[in-house]
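Please read all numbers here as calculations on a predicted model, not as lab measurements.
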2 protein chains.
Amino acid sequence: MKMAAGLEQAFVRHGFADASVDTLREAAGVSLRTLYKYMPSRADMVLAALEYRHRRYMAEVLNDLPADPAQARDALMTRAGDWMQSEAAHGCLFHSAVAADPANATLRALLERHKHEVATRAALATGLEGQDVALLLIMEGLTQTWPLRGAEAVSAAKHLAALLAEDQP
Amino acid sequence: MKMAAGLEQAFVRHGFADASVDTLREAAGVSLRTLYKYMPSRADMVLAALEYRHRRYMAEVLNDLPADPAQARDALMTRAGDWMQSEAAHGCLFHSAVAADPANATLRALLERHKHEVATRAALATGLEGQDVALLLIMEGLTQTWPLRGAEAVSAAKHLAALLAEDQP
DNA sequence: CCGGATGTAAAGTGATCGTTCTACTTGCGC
DNA sequence: GCGCAAGTAGAACGATCACTTTACATCCGG
């Protein structure tokens, strides 16, 4: 398994505060020396895991959505729910990382870049370019509400996205 | 200042991972011995801060909303935005606490209790009892989107809440 | 005015953490 | 088959942390 993939898994499982470098080393499947060769500090391990996560999220949730806007909206929310179920039962990993180290500007910039890319791609695919803030809000809300309400959160997100689309000029 | 108030401030400022007990002691304004007398472990300090936070959030965001449902909806979102601006520029403190220690069941139960109380009270005040999941989703979305988009997030939340209300049977 | 409860300051303890260092092994071009 | 790049295991180091302990101050009812 790729080093970054193991790191991502370790951070998901243990959280950013309690994942020790030795835990990370084991998850990455390499020796400590090799780990530090490619990621010279623990902070770099966090960044590598998040970069990997970003690419995976984009590929699994936002790639190849149906061309029809209504179908794209539903598929987007379904896929986001599936992602939560299989990958992020504890909430958004980027927000977790920032929460664990609020003073880290690099981390915050990475969060903003990730969310901006998500919002832009989602708005484009669903034909809601003019309502990108509201669409981002729905997706963020789904991500946070899913751990509390599960599938009900997906239905609510689809419902809200549909109302938003009907309201378009 | 009350001990719990100082602890809450310290966790907001430093995050749950990087707030050392000595930092907490200074923020609480007491000696280490007294701090440990009332909160026998660091985990108890986290719980005390969150309990305090919960009461404050309820009082400042959900208490005494206008009787008219439409006005209540707008006031709710406005107040939630104001709360973010003055108190939580880095996102929900409960989610941050859980993210910093995902294996802690007590913490997760506290998060669920807090969100459940927020959702119930908000739905009641806005006349959206049947749509409480969607309303919670909007509030969670606002909380997560505010750090990224500021006032635009508040407008989007008001818009979505209005659409939800219009759609009521 | 005394004695006990209640507070403070600060040094000490043992564990753990991130990071570095030492020593050994393996694959591979020449 | 030699030499070197690149890997492994794991001990060692210095810092920091949560928590304990020791020693001293202050309040206050009797």
Side-chain angles (χ1 to χ4, degrees), chain A residues 1-53 90 93-94 96-108 110, chain B residues 1-53 90 93-94 96-108 110:
Chain A
M1 174 159 41
K2 242 195 99 189
M3 272 178 56
L7 294 179
E8 188 206 322
Q9 275 205 352
F11 283 123
V12 168
R13 231 193 298 276
H14 301 94
F16 287 92
D18 283 359
S20 73
V21 171
D22 204 61
T23 301
L24 298 173
R25 178 203 56 75
E26 188 180 347
V30 297
S31 75
L32 208 50
R33 193 184 178 88
T34 304
L35 183 60
Y36 271 97
K37 176 179 177 181
Y38 293 104
M39 295 153 200
S41 78
R42 189 181 182 278
D44 295 316
M45 302 172 201
V46 172
L47 295 182
L50 290 180
E51 290 280 2
Y52 187 79
R53 179 77 157 193
H90 305 345
L93 202 64
F94 288 81
S96 295
V98 170
D101 190 2
N104 188 328
T106 306
L107 225 45
R108 203 173 296 245
L110 206 62
Chain B
M1 172 157 45
K2 245 195 96 188
M3 272 177 58
L7 294 179
E8 189 206 321
Q9 276 205 352
F11 283 122
V12 167
R13 233 192 298 275
H14 301 94
F16 287 91
D18 283 0
S20 74
V21 172
D22 204 61
T23 301
L24 298 173
R25 179 205 55 75
E26 188 180 347
V30 297
S31 75
L32 205 52
R33 193 186 178 91
T34 303
L35 183 60
Y36 270 97
K37 177 179 177 182
Y38 294 103
M39 294 152 199
S41 78
R42 190 181 182 277
D44 295 315
M45 303 173 201
V46 172
L47 295 182
L50 290 180
E51 289 283 0
Y52 188 79
R53 179 77 156 193
H90 305 346
L93 202 63
F94 288 81
S96 296
V98 170
D101 189 4
N104 188 327
T106 306
L107 223 48
R108 202 172 298 244
L110 205 64

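The distance from atom CG of A:Asp22 to atom C1' of D:dA9 is 11 Å, rounded to the nearest whole Å. Spacing between atom CD of A:Glu26 and atom P of D:dG10 amounts to 12 Å, rounded to whole angstrom units. Across the protein-nucleic acid pair, B:Leu24 atom CG and D:dA18 atom P stand 8 Å apart, rounded to whole Å. If you measure from atom CZ of B:Arg42 to atom P of D:dT20, you get 15 Å, rounded to the nearest angstrom.
Across A:Val12 and A:His90, no two heavy atoms sit closer than the pair O-CD2, 4.3 Å. In terms of heavy atoms, B:Tyr36 sits closest to B:Ser41 at CE2-CA, 4.1 Å. Here the closest heavy-atom approach between residue B:Leu93 and residue B:Phe16 is recorded as O-CE1, 3.4 Å. Looking at every heavy atom in both residues, B:Leu35 comes nearest to B:Leu7 through CD1-CD2, 4.4 Å. The two residues B:Ala49 and B:Phe11 make their nearest non-hydrogen contact at CB-CD1, 3.6 Å. Pairing each heavy atom of B:Leu107 with each of B:Val46, the nearest pair is CD1-CG1, 3.8 Å.
Residues from residues 34-41 of chain B placing a heavy atom under 4.0 Å of any atom in DNA chain C, listed by number, are B:Thr34, B:Lys37, B:Tyr38.
Between A:Pro102 and A:Arg108, the closest side-chain pair of non-hydrogen atoms falls below 4.5 Å.
Here the NE2-CD distance, from B:His14 to B:Gln9, works out to 10.5 Å after rounding to the nearest 0.5 Å.
Not one side-chain nitrogen or oxygen of A:Arg33 sits closer than 4.0 Å to the OP1 or OP2 atom of D:dT8.
When the nearest nucleotides of DNA chain C are assigned to A:Leu32 and A:Asp18 by heavy-atom distance, the more 5′-ward of the two goes with A:Asp18.
Bracketed by its first and final contacts, the part of DNA chain C lying under 4.0 Å from non-hydrogen atoms of chain A reaches from C:dG18 to C:dT22 in 5' to 3' order.
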